[in-house]
Amino acid sequence: MHKPIKYVEKGLTYVARGAWVAFDAINSIKPGSTFTPKWSDLPLQKSWQKVKPPLGWPRETDSLCPVCVREARQEILDGKRDYTILLNEKVGEIKAQIIERDGQILMVKDCPQHGHFEDVMAMDPAFFKHLEETFPGSDIRAHNDEKLHNHGTSTIKYGRGSVLTVDLTNRCNMMCDPCFMDANQVGFVHELSWEDIRTLLDNAITIKPKRQMSVQFSGGEPTMSPYFLDAVRYAKKVGYNSVQAATNGIEFAKSPEFAKAAFEAGLRYAYLQFDGIGNAANSHRLVGNLFDVKLRAIENLWTAGVDIVPVVTIVNGVNNEQVGRIIQFAMDNPRKINFLSFQPVSFTGRDEEVTPERRAAQRYTLSHLAHDVKNQMQIGEPVRDWFPISFMGTFTDWADLVHGPTAEWGNLTCGCHPNCGIGMAVMIDKETKEAVPVTAFLKADQLARDLTRVNDAARGRVLSVAGMALALMKNYDPFKAPTHFKLSDLMKKFDKTFGATGRDYGKVTADRTSMDVHQRRSDRWNFLFIAGMWFQDLFNYDFRRTERCIIPYATQEGEISFCAYNTGIGWRNIIEKMHMTATLTKWYEEHGRHEIFAGNKHVPLNSGDHRLVLDPEAVAAGKQTDLDDAGIAKTAREEKLRARADAKKKLDPQAAQMEALYRQQVLKEQPTIQIQGLGGVKKKADVQEVLHKPQQ
């Protein structure tokens, strides 16, 4: 039974709809002109001034040949070609078509030398269409950036980005598959000096639009840099109010004191590698107690005042069944987790030469994520509740308008291509743990259209805030909201996020204290944001995405798109070798070998205590075995071992025949045969079952 307040609020929504008609009519008369804010040399954009890439399908775009790129990169690394060729020529570039076939969206492309390539972009065309239709357009074109954005066809063109990434070191204390940067495997150390770090951070704030930038220290494992805490402290000093670390959590788990020191230095978020619930779900990382490490890291970081964002690399057949379990974990712990980041696997780094068979089996798209959430959690309608993360740009535009021309920084905006990232918000009652998707009780698409009209009218702070309030009220359904959620809670949430009224919810600026953290955490409602960020690889590369990158890497050769750096032509390989600190041999001679947790080695923890709520069934579940059952390799290392074994068998067919006989007669294994179209490798008995199965 609904509370009386719900009926009152429903009445208010009808009043708001009527008031909106009058407000919008008056507001549309002689719209105000936009201003040029202090943080930009170009004016704020009206909605019709925003640039969009070609969308819909079929369409043509610029892509890369996976083989041409690897060959060209190797020639540069070997000194046979100068890297500046990348600034003037379209190395490895070919055209690609984005099409629909058999109920999927595909990228197909042909190289004159290396033939045909294709890969899945989405397994749900309606979902793909929804993302592209709700893309509001790109941010203000980047300017004052000529020295830092100069990378040929890989150059970032739009916006300032949302997260500046700085790799402090390529050293790591783990040895993972997958690893997009191939940590510990490249034969040399690339580690930024203190002068490098200061220079990169100083350079970054010269680019306009000067957004409310976050900076994320990454690696390798960033906590292995001797300058990690100094880097956090300096980033906070020069104005980054959201300082982050992309970490495996080992050092934070081992030492509560280190977590406290990081918070005091200015660390706001820990983007914590997190592959699933239970040690079995994390076993592919080859650390015996990795899940225990994650729990202890969360406990230490949260206690210190650092917010935690579990970051999940999703590989189909390896851990995609963990999607629901991880979301449930966040819902069970709403006071400690308010953001999840799922990252579908990118076949790059260690996995760049993946076989077509494994790539097809492990490919996971943003549409897979939306459907897995619905199927595993029974929440989240793909087309109703998921939007491109760039959808928030309309709300950022409103905040920029409200904060006025004198603001030092613009608001954070995620103006990336709609194929890059998606998000869904869930409102969770921290006391009862009731959870409802925000877009189940708030018409997000209509809200964005209404807010666009407010933004385009550009009436100033008071009328813009009034327009937002009316738009929220008219698009709100109190009967579909959580039981104890009120319209006033909705207003407060938006105000808390965008700082429109100046009310004190606890500071997020560089001078915030532990008291500010406590004040912000005291809110009864957890706005859990579930994001999916899909980084490109050579098989689905699209330059229309690269030029809109919101996660640039700061390097000694300028700021480079995340995908162009880690994939694309492979700027990471080139720049790290150009600026390498030392060969591994030389480094080990001077510094000794650092500890690496691999081979199922355990991380020593002073305590395994935590106060997190866990689902015993999820913790006890075994690892996912889809690929084992299909006879498909799970990692690049496993593929290489199989290739060597196959080569050996070809050289000695008699030994191979004896081994097959041994497996069949002694181990009682069924022989395997390959049948196309039946989902890969099948055991002989299984094949017989398929061949003789009656038609439905």
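Since the structure is predicted, the reported quantities are computational estimates derived from the model, not experimental observations.
When all heavy atoms of Lys46 and Thr34 are compared, the pair lying nearest together is CE-CG2, 3.6 Å. When all heavy atoms of Gly239 and Trp409 are compared, the pair lying nearest together is O-CZ2, 3.4 Å. Between His403 and Phe498, the closest heavy-atom pair is NE2-O, 3.0 Å. The minimum heavy-atom distance linking Met377 with Met331 is given by the pair CE-SD, 3.8 Å. A pairwise comparison of heavy atoms in Ala246 and Gln216 identifies CB-OE1, 3.3 Å as the closest pair. Taking each heavy atom of Val215 and Ala235 in turn, the nearest pair found is CG1-CB, 3.7 Å.
Every ring-ring contact (aromatic ring centres under 6.0 Å, His included) that Phe23 has, sequence neighbours left out, goes to Trp20. Shown here are the side chain to side chain donor-acceptor pair (under 3.5 Å) partners of Asn455, two or more places apart in sequence or in another chain: there are none. With sequence neighbours left out, the side chain to side chain donor-acceptor pair (under 3.5 Å) criterion links Thr165 to no other residue. In this structure, the salt bridge (Lys or Arg N to Asp or Glu O under 4.0 Å) partners of Lys10, at least two apart in sequence or on a different chain, are Asp477. Listed by chain and residue number, Thr365 satisfy the side chain to side chain donor-acceptor pair (under 3.5 Å) test with His368 (two or more places apart in sequence, or in another chain). With sequence neighbours excluded, the residues forming a side-chain contact (heavy atoms from CB on, under 4.5 Å) with Ile85 are Ile76, Arg81, Glu89, Val91, listed by chain and number. The side chain to side chain donor-acceptor pair (under 3.5 Å) test applied to Tyr364 returns Asp372, not counting sequence neighbours. Residues passing the side-chain contact (heavy atoms from CB on, under 4.5 Å) test with Lys237, sequence neighbours excluded: Tyr234. Shown here are the ring-ring contact (aromatic ring centres under 6.0 Å, His included) partners of Trp525, two or more places apart in sequence or in another chain: Phe485. With sequence neighbours left out, Asp445 forms a salt bridge (Lys or Arg N to Asp or Glu O under 4.0 Å) with no residue at all.
For Trp57 and Phe128, the ring centers sit closer than 6.0 Å to each other. A ring-centre distance under 6.0 Å is not found for Phe479 and Phe441.
Panel note: side chain Asn526, backbone Ile337; a donor-acceptor pair is recorded below 3.5 Å. Without hydrogens or angle criteria, His151 side chain to Ser561 main chain gives no donor-acceptor distance under 3.5 Å. The main-chain N or O of Tyr158 is never found under 3.5 Å from a side-chain atom of Arg141 such that the two would form a donor-acceptor pair. Lys474 contributes no side-chain N or O that, together with a main-chain N or O of Ala16, makes up a donor-acceptor pair within less than 3.5 Å. The backbone N or O of Leu442 sits nowhere less than 3.5 Å from a side-chain atom of Thr439 that would complete a donor-acceptor pair. In terms of modelled atom types and a separation under 3.5 Å, the side chain of Thr567 and the main chain of Ala564 share no donor-acceptor contact. Side-chain atoms of Lys109 never come within 3.5 Å of backbone atoms of Cys65 as a donor-acceptor pair (strictly under, hydrogens ignored). A donor-acceptor pair under 3.5 Å is formed between the side chain of Gln536 and the backbone N or O of Asp542.
Atoms OG1 and CE, from Thr13 and Met473 in turn, are 8.0 Å apart once rounded to the nearest 0.5 Å. Rounding to the nearest 0.5 Å places SG of Cys416 at 12.5 Å from CZ of Phe562. The distance from atom CE of Met213 to atom CG of Leu164, rounded to the nearest 0.5 Å, is 4.5 Å. Expressed to the nearest 0.5 Å, how far CG of Asn419 lies from CE of Met121 amounts to 5.0 Å. Atom CD1 of Ile156 is separated from atom CG of Leu148 by 10.0 Å, given to the nearest 0.5 angstrom. Going from atom SG of Cys414 over to atom CZ of Phe395 covers 13.0 Å, rounded to the nearest 0.5 Å.
Within the 4.5 Å cutoff, side-chain heavy atoms of Phe543 are placed close to those of Ser154. Annotation: side chain of Arg268 is not in contact with side chain of Lys236 (no heavy-atom distance under 4.5 Å). Taking 4.5 Å as the limit, every side-chain heavy atom of Met468 sits out of range of all side-chain heavy atoms of Val465. Contact check for Gln244 versus Val309: no side-chain heavy atoms found under the 4.5 Å cut-off. Considering only heavy atoms from C-beta on, Phe135 stays 4.5 Å or farther from Leu131 through its side chain. When side chains are defined from C-beta on, Thr497 does not count as touching Phe527, because their heavy atoms never get closer than 4.5 Å. Using a 4.5 Å cut-off on side-chain heavy atoms (C-beta onward), Asp400 and Trp39 make contact. Inter-residue side-chain proximity for Pro209 and His143 is flagged as met; some heavy-atom pair is nearer than 4.5 Å.
Within the structure, salt bridge (Lys or Arg N to Asp or Glu O under 4.0 Å) contacts touching residues 33-42 (residues at least two apart or in different chains) are Lys38-Glu408, Asp41-Lys208. For residues 149-163, every residue pair satisfying the salt bridge (Lys or Arg N to Asp or Glu O under 4.0 Å) rule, not counting sequence neighbours, is listed here: Lys157-Glu547, Arg160-Glu559.
Using a 3.5 Å distance cut-off with no hydrogens or angles, the side chains of Asn150 and Glu146 do not pair a donor with an acceptor. In summary, the side chains of Thr348 and Asp537 do not present any donor paired with an acceptor at a separation below 3.5 Å, with no hydrogens or angles considered. Side chains of Arg211 and Thr413: a donor-acceptor N/O pair is absent below 3.5 angstrom, by distance only. Judged purely by distance below 3.5 Å, without hydrogens or angles, the side chains of Tyr505 and Asp495 pair a donor atom with an acceptor atom. In summary, the side chains of Asn27 and Arg453 do not present any donor paired with an acceptor at a separation below 3.5 Å, with no hydrogens or angles considered.
Using bins of under 30°, 30° to 60° and over 60° for the plane-to-plane angle, the ring pair Phe127/His371 lands in the perpendicular bin.
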Could you go through Arg101 and Val108, starting from their C-alpha distance and side-chain angles, then the distance that decides it, and tell me whether this counts as side-chain contact (heavy atoms from CB on, under 4.5 Å)? CA-CA 11 Å; Arg101 186 205 303 154; Val108 297; 3.8 Å; yes
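Around atom NZ of Lys52, more than 12 heavy atoms belonging to other residues, nucleotides or ligands sit under 6.0 Å away. For Arg512, the CZ atom sits in a packed shell: over 12 heavy atoms of surrounding residues, nucleotides or ligands are nearer than 6.0 Å. Other residues, nucleotides and ligands place more than 12 heavy atoms under 6.0 Å from the NZ atom of Lys496. The environment of Lys507 atom NZ is dense: over 12 non-hydrogen atoms of other residues, nucleotides or ligands sit within 6.0 angstrom.
Comment: Asp307 does not engage Arg520 in a salt bridge, judged by the lack of any side-chain N to carboxylate O separation of less than 4.0 angstrom. Contact check on Arg59 versus Glu132 returns a salt bridge, with a Lys/Arg side-chain nitrogen under 4.0 Å from an Asp/Glu carboxylate oxygen.
Residue Tyr565 is tested with Ile551, Thr546, Ile560, Ile574 for a side-chain contact (heavy atoms from CB on, under 4.5 Å); the sole match is Ile560.
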